[in-house]
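Fair warning: this is a prediction, and the values are worked out from it, not measured in the lab. Residue indices begin at 1 and follow the sequence shown.
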Amino acid sequence: MQWTLVIPLKPLARAKSRLADTAADGLRPGLALAFAQDTVAAALAAAAVRDVAVVTDDALAGRELAALGARIVPDEPAGGLNAALAYAATTVRVSRPESAVAALNADLPALRPTELSRVLDAAAEFPRAFLPDAAAIGTTLLAAAPGQELRPAFGTDSRARHRASGAVELRLTAVDSVRQDVDTGEDLRAALALGVGSHTAAVSARLLIPGQ
């Protein structure tokens, strides 16, 4: 099964506020963009991925991610993360109504194409499925098979909310790069230990990160 991924990205100026103890105000937008660039590049290199759509209203991010090969979908609902994802999923299915669609976080800088394909291949066995994040509280990927609505419930305690919605929790090992999203300095250190993409590596070199 080939998947279309929808990746949400808020305006860079407002992104990654919880990294304030690790990255100064002037560096956080660039770090958020680097995360997204490495996420999109790895996603497009995954064998199970047909294409990637990024839902964002940030002009700079739109240009940079389009240059990597992503389709840019404006956030027309402007109603928050889940509304943006539902809209993007509907938009990409206009031309391919039976597409398998998965929502993927934009902050997975250590993402490995082979691990992402393994997660998507496992998700293909179910109508809807999700992968919890490294903290086992949130969600990094939510998948909907052809003919199924995405029904995203990202946000606080999204692991529990996606499970309550009927989505199957994928219990996979050795897919750490798909689970390691980055919200805090500790998360960033964990991603760096896994090995991040070139964009994040370049920006992170300008940060003073204890233990690295």
Is [X] reaching over with its side chain to a backbone N or O of [Y], donor-acceptor style, under 3.5 angstrom?
{"X": "Ser165", "Y": "His162", "answer": "yes"}
{"X": "Ser99", "Y": "Thr4", "answer": "no"}
{"X": "Gln2", "Y": "Ala47", "answer": "yes"}
{"X": "Thr200", "Y": "Val196", "answer": "no"}
{"X": "Arg161", "Y": "Thr156", "answer": "yes"}
{"X": "Asp133", "Y": "Ile137", "answer": "yes"}
{"X": "Asp58", "Y": "Ala61", "answer": "yes"}

Quiz item: Stepwise, does the side-chain contact (heavy atoms from CB on, under 4.5 Å) test hold for Leu142 with Leu131?
Solution: CA-CA 7 Å; Leu142 173 69; Leu131 186 74; over 6 Å; no
Side chain proximity check, [X] to [Y], heavy atoms < 4.5 angstrom:
{"X": "Ile7", "Y": "Thr56", "value": "no"}
{"X": "Arg93", "Y": "Glu98", "value": "no"}
{"X": "Asp51", "Y": "Val92", "value": "no"}

Quiz item: At what distance, to the nearest 0.5 angstrom, does CG of Leu192 lie from CG of Leu188?
Solution: 4.5 Å
Quiz item: Does the side chain of Thr140 pick up a donor-acceptor pair with the side chain of Asn105 at under 3.5 Å?
Solution: no
Quiz prompt | Which residues share a salt bridge (Lys or Arg N to Asp or Glu O under 4.0 Å) with Arg28, sequence neighbours left out | solution = Asp25
Practice problem: I would like to know whether Phe130 and Glu169 meet side-chain contact (heavy atoms from CB on, under 4.5 Å); could you show each step before the answer? | Solution: CA-CA 5 Å; Phe130 73 96; Glu169 180 172 337; 3.4 Å; yes
Side-chain donor-acceptor pairs under 3.5 Å in residues 63-74, sequence neighbours left out?
none

Just distance, no hydrogens or angles: give the donor-acceptor pairs under 3.5 Å from side chains in residues 76-83, sequence neighbours left out.
residue: Glu76; atom: OE1; partner: Tyr87; partner atom: OH; Å: 3.1
residue: Glu76; atom: OE2; partner: Tyr87; partner atom: OH; Å: 3.3
residue: Asn82; atom: OD1; partner: Ala153; partner atom: N; Å: 3.4
residue: Asn82; atom: OD1; partner: Phe154; partner atom: N; Å: 2.7
residue: Asn82; atom: ND2; partner: Phe154; partner atom: O; Å: 3.0

Self-check item: Step-by-step salt bridge (Lys or Arg N to Asp or Glu O under 4.0 Å) determination, Asp187 to Lys16
Solution: CA-CA 12 Å; Asp187 294 336; Lys16 297 302 161 192; over 6 Å; no
